[in-house]
Engineer: 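Before I ask anything, here is the structure I am working with.
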There are 2 protein chains.
Amino acid sequence: MEAVLSRKEQIERTATVLFKSKGYSATSMRDLANALGIEAASIYSHIKSKEEILQRVCFRMASEFFEAIDAAEADGGTATDRLRRAISAHVQVLTKNTEASAVFLHEWRHLSEPMHGTYLSLRDKYEALFRDIIRTGTGNGEFTVPDEKFAVLTILSGLNWIHTWYKPEGKMTPAAIASNLSEMLLNGLSTKKQALEDTYSHLNTI
Amino acid sequence: MEAVLSRKEQIERTATVLFKSKGYSATSMRDLANALGIEAASIYSHIKSKEEILQRVCFRMASEFFEAIDAAEADGGTATDRLRRAISAHVQVLTKNTEASAVFLHEWRHLSEPMHGTYLSLRDKYEALFRDIIRTGTGNGEFTVPDEKFAVLTILSGLNWIHTWYKPEGKMTPAAIASNLSEMLLNGLSTKKQALEDTYSHLNTI
DNA sequence: TAGGCAACCTAACGTTCGTTAGCAAATTAA
DNA sequence: TTAATTTGCTAACGAACGTTAGGTTGCCTA
């Protein structure tokens, strides 16, 4: 029951693999053509430019991340619940398409304007959804964080390395990965949590 | 009291800035020459090849990270202390040279063999130092982690995004950043730590 | 005052780059 | 059966690439 891919989709998918492993700039249209078994010029029957491929990959992944977190946020609940679900949604998207995620996370800077700017504002919008969860949690006493934005970026960068090692056939399921990450980020490594006054008091001296 | 840079060091430093902002492949020798105010061919009076610059940046940073963590590990102590100091050492190196750190972390894949392989084994050796701390901590009950390697990679990727935003003139000092990260990673976001049986029991069902 | 050397130049090399033009074969739709 | 669409080809374009060769300048040292 393999989905039939249009030639354009095949090109996009093959390019994604190459962009991940060699980087966008270091991947030539002749590299891509070779991987597809055709001539470089033939690719232009299906796409307008090399950058169009990058654009499609980046903004398709952006949509997927937004769809996933919007669905996760629809359920409401405590900030802890919401963060758990947001992390899970993010991990699901990451693991479902590791190559495209890697391109989305690392090759976006090769987008030219105005796509480059659009990407950045989408990213900020996405991070804002996480900031809102953290803000709610710190407001009602669920979370204790040094800085809202700092916390969000630490969380997201803690998630975004998954594409470097995740393999679908591995022993960790996406659900298990998400669960492990949630526990690590919510409760930390320490077996026993120190009194919060001890933990954070020295920050005041800086 | 500005240090006098040799022309070779100026080239390396300018290249590092360009490599960070445009990527190694997308930075041409003519870009670099233009930034230096000279002709591209003139660069070759000082270096052997474009890749030599990348090699020097990558392996110099590798040395800095190892020196820092070796010094941090020399003091011993509990696993919690060691992890705190290792995180601090890592953050100090990252913040001291954000451009070179970014190149070190993102452009190493453009190294050709055997440098590429050397880089990877150095990276594994570095991660092994962190794994040893985590292993000690889980062994004596200080830490509770789902998986040793998983934990180390989450920690390191949680640190390695700093170069994307850190500015020396900003309000957060490297020491404060390291402290915040240590607290987040050791104690998590949650204000109250749940009973560990509750927290981790559901992992057994996966 | 001569020699050496660091620093940079112009000119050019062979290669690769993204892309276009124009055409041919195969497949699909009417 | 014909027309349109899809998919691919060869040939080539101008530009940019990393790099080399060979020469000039100016400073420092012996």
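The structure displayed is predicted, hence computed values, not measured ones. So you know, we letter chains A, B, ... as the sequences are listed, proteins then strands, and number each from 1.
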Engineer: Quick one: sort the A:H106 and A:H163 rings into parallel, tilted or perpendicular, breaks at 30° and 60°.
Structural biologist: perpendicular
Engineer: Output a table of donor-acceptor pairs, distance under 3.5 Å, between side-chain atoms of residues 164-171 of chain B and any protein atom two or more places apart or on a different chain; print 'none' if there are none.
Structural biologist:
residue, atom, partner, partner atom, Å
B:T164, OG1, B:W161, O, 2.5

Engineer: Round to a whole Å and report the spacing from CD1 of A:I11 to C1' of D:dG8.
Structural biologist: 11 Å
Engineer: Whole Å only: how far is the CG atom of A:N34 from the P atom of D:dC9?
Structural biologist: 11 Å
Engineer: Apply salt bridge (Lys or Arg N to Asp or Glu O under 4.0 Å) to A:E107 and list each qualifying residue two or more places apart in sequence or on a separate chain.
Structural biologist: B:R109
Engineer: Does A:S49 have any side chain to side chain contact (heavy atoms under 4.5 Å, CB included) partners at least two apart in sequence or in another chain, and if so, which?
Structural biologist: A:E51, A:E52
Engineer: Could you check which residues of residues 18-33 of chain B get a heavy atom under 4.0 Å from DNA chain D? Sort them by number, please.
Structural biologist: B:T27, B:S28, B:M29, B:R30
Engineer: I'd like to know whether the aromatic ring centres of A:F59 and A:F104 sit less than 6.0 Å apart in this structure.
Structural biologist: no
Engineer: Just one of A:V145, A:D147, A:V152 clears the side-chain contact (heavy atoms from CB on, under 4.5 Å) bar with A:K149, so which one?
Structural biologist: A:D147
Engineer: Could you name each residue pair satisfying side-chain hydrogen bond (donor to acceptor under 3.5 Å, both in side chains) that touches residues 27-42 of chain A, not counting sequence neighbours?
Structural biologist: A:K22-A:D31, A:S28-A:D31
Engineer: Without decimals, in angstroms, what is the distance between B:E9 CD and C:dA7 P?
Structural biologist: 11 Å
Engineer: Which of residues 43-55 of chain A have a heavy atom under 4.0 Å from DNA chain C?
Structural biologist: A:Y44, A:S49, A:K50
Engineer: How close or far is atom C1' of C:dA7 from atom CD of B:Q10, stated in whole angstroms?
Structural biologist: 11 Å
Engineer: I need the CD1-P distance between A:I38 and D:dT10, as an integer number of Å.
Structural biologist: 12 Å
Engineer: So is B:K125 actually on top of B:F66's ring, under 6.0 Å and inside 45° of the axis?
Structural biologist: yes
Engineer: Taking the six-membered ring of B:Y44 (Phe, Tyr or Trp), confirm whether the NZ or CZ of B:K50 is under 6.0 Å from its centre and within 45° of its axis.
Structural biologist: no
Engineer: Taking only side-chain N and O atoms of B:S42, does any of them lie within less than 4.0 angstrom of OP1 or OP2 on C:dC9?
Structural biologist: yes
Engineer: Could you state the CZ-C1' distance from B:R7 to D:dG26, rounded to the nearest angstrom?
Structural biologist: 15 Å
Engineer: Tell me which of A:A40 and B:K8 sits closer to the 5' end of DNA chain C, going by the nucleotide each one is nearest to.
Structural biologist: B:K8
